[in-house]
Student: 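Below you'll find the structure I mean.
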Amino acid sequence: MPKRNFFHSLKKSNKDTVFTGVCGGLGETTQIPSWIWRVLFLVSLFLGGFGLIVYILLAIFMPTYYRE
């Protein structure tokens, strides 16, 4: 059985959402809080817009993590 890597564990959050749950999911998966992910995406938006492209791709392709 193949070993699961970091990218297989990425999921959007349904609890910690502001827009789509991408930053909340990154905050639940990594040890970086979700508010820092939000700040990083916002800063990268003003530094060329690459963060917006990454955020949109993550919002489309990351599955939602259902936890009660």
Side-chain angles (χ1 to χ4, degrees):
M1 184 170 182
K3 193 175 181 181
R4 292 179 58 109
N5 63 15
F6 171 74
F7 296 107
H8 287 127
S9 63
L10 284 178
K11 305 233 184 300
K12 288 188 276 188
S13 175
N14 65 343
K15 299 282 185 186
D16 185 11
T17 62
V18 172
F19 187 61
T20 62
V22 170
C23 293
L26 288 170
E28 291 174 0
T29 305
T30 64
Q31 299 213 355
I32 302 171
S34 59
W35 68 270
I36 293 178
W37 283 108
R38 290 181 182 104
V39 169
L40 289 173
F41 278 116
L42 187 64
V43 168
S44 68
L45 175 68
F46 292 115
L47 295 176
F50 183 70
L52 180 64
I53 296 168
V54 172
Y55 188 89
I56 290 171
L57 289 173
L58 288 173
I60 292 170
F61 293 111
M62 276 176 70
T64 303
Y65 180 64
Y66 292 104
R67 182 175 61 163
E68 295 182 20

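Along the sequence shown, the residues carry numbers beginning at 1.
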Student: If I compare all heavy atoms of Tyr55 with all of Gly21, which pair ends up nearest, and what's the gap?
Tutor: OH-N, 4.4 Å
Student: Suppose the criterion is salt bridge (charged side-chain N to carboxylate O under 4.0 Å, His left out): which pairs have a residue in residues 35-57, not counting sequence neighbours?
Tutor: Asp16-Arg38
Student: Enumerate the salt bridge (charged side-chain N to carboxylate O under 4.0 Å, His left out) contacts for residues 42-58, please, sequence neighbours excluded, ordered by first and then second residue.
Tutor: none
Student: Say whether Val22 and Ile60 are linked into one hydrophobic cluster, either directly or through other cluster members, by side-chain heavy-atom distances under 4.5 angstrom.
Tutor: no
Student: Pairs of donor and acceptor atoms involving the side chains of residues 42-53, under 3.5 Å and at least two apart or interchain, shall be tabulated with distances.
Tutor:
from: Ser44; atom 1: OG; to: Leu40; atom 2: O; distance (Å): 3.2
from: Ser44; atom 1: OG; to: Phe41; atom 2: O; distance (Å): 2.9

Student: So which heavy atom on Ala59 is nearest to which on Thr20, and how close?
Tutor: CB-OG1, 3.9 Å
Student: If two hydrophobic side chains count as joined below 4.5 Å and joins carry through other members, does Trp35 share a cluster with Trp37?
Tutor: yes
Student: Tell me whether Val39 shares a hydrophobic cluster with Ile32, the cluster being built from Ile, Leu, Val, Met, Phe, Trp, Tyr side chains joined at under 4.5 Å.
Tutor: yes
Student: Taking all heavy atoms of Ser34 and all of Cys23, pick out the closest pair and write down the distance.
Tutor: CB-O, 3.4 Å
Student: Give, for atom CE of Met62 and atom CG of Leu26, the distance between the pair rounded to the nearest 0.5 Å.
Tutor: 5.0 Å
Student: I need the minimum non-hydrogen distance between Thr29 and Lys11, along with the two atoms involved.
Tutor: OG1-N, 4.3 Å
